[in-house]
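Below is one structure, written out as structure tokens; the observations come after it.
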Amino acid sequence: MSITERIFDLARAQNKRQSDIVRALNVRANTVSEWKSGKRSPTLTHCVTLADYFGVSLDYLITGREPRGAPVQQIIGNNNSNNTAIAGSAAGVVLTEYERELITVAGAFDMRRKNELLNFAYQIEKQIKDEGGF
């Protein structure tokens, strides 16, 4: 899958339109249309901005893979509810419907709120470990 295909897959997954990308990058609509048609590719500067905009790493946007040690390495599948998440050292773990719902809700958050949620989850994890859990 190409960078451009990943960009538009991310846009579909996050319910963003081509016009949203145009506004986020402050480029002409024709520029993004040319990416979609394969006439042009985004510049590195655009890729950096897009990775931040979609809440993914630059590595993922360019290669489709997260860097080693990333908390969530990859989402595999298409836009249906049967997608499988491979998370850190928990590769191969099947998520429950409840866990998939948590991911779905969190997936709609902007990057700042996703970071807040992750930090909160780490605080809860630490508290449980401190109390002798896990």
Discussion item. I'd like to check the side-chain contact (heavy atoms from CB on, under 4.5 Å) partners of Leu102; sequence neighbours left out, ordered by chain and number.
Written reply: Tyr98
Worksheet item: Are Val105 and Phe120 linked, directly or through other ILVMFWY residues, by side chains that come within less than 4.5 angstrom of each other?
Response: no
Worksheet item: CD1/Ile7 to CG/Leu10 distance, rounded to the nearest 0.5 angstrom?
Response: 8.0 Å
Worksheet, complete the sentence: Quick note, ring pair (Phe, Tyr, Trp, His ring centres under 6.0 Å) partners involving residues 4-43, not counting sequence neighbours, are Trp35-His46
Worksheet item: Given a cutoff of under 4.5 Å between side-chain heavy atoms of I, L, V, M, F, W and Y, with clusters grown through shared members, what are the other residues clustered with Met1?
Response: none
Fill in: Where at least one partner belongs to residues 99-118, residue pairs that pass ring pair (Phe, Tyr, Trp, His ring centres under 6.0 Å), sequence neighbours excluded
none
Worksheet item: Can Ile103 be reached from Leu117 by stepping across I, L, V, M, F, W or Y side chains whose heavy atoms are under 4.5 Å apart?
Response: no
Show me the donor-acceptor pairs, under 3.5 Å and distance only, between side chains in residues 21-28 and residues at least two apart or in other chains.
{"unit_1": "Arg23", "atom_1": "NH2", "unit_2": "Asp20", "atom_2": "OD1", "d": "2.7"}

Worksheet item: Under the salt bridge (Lys or Arg N to Asp or Glu O under 4.0 Å) rule, what pairs show up with a residue in residues 37-58, not counting sequence neighbours?
Response: Glu34-Arg40
Worksheet item: Minimum heavy-atom separation for Leu61 to Cys47, with atom names?
Response: CD2-O, 3.3 Å
Worksheet item: If you measure from CZ on Arg113 to CG on Leu118, what distance do you get to the nearest 0.5 Å?
Response: 15.5 Å
Practice prompt. Identify, with sequence neighbours excluded, every residue that meets side chain to side chain donor-acceptor pair (under 3.5 Å) alongside Thr96.
Written response: Glu99
Item to complete: List for me each residue that meets salt bridge (Lys or Arg N to Asp or Glu O under 4.0 Å) alongside Glu5, sequence neighbours excluded, and say none if there are none.
Response: none
Worksheet item: Listed by chain and number, what are the side chain to side chain donor-acceptor pair (under 3.5 Å) partners of Gln18, not counting sequence neighbours?
Response: Ser33
Worksheet item: Under 4.5 Å between any side-chain heavy atoms of Arg6 and Phe54, yes or no?
Response: no
Response to the item:
One should read off an interatomic distance between Leu58 CG and Thr63 OG1, to the nearest 0.5 angstrom, of 9.0 Å
Worksheet item: What closest approach, in Å, do Gln14 and Tyr53 show between heavy atoms, and which atom pair accounts for it?
Response: OE1-O, 4.3 Å
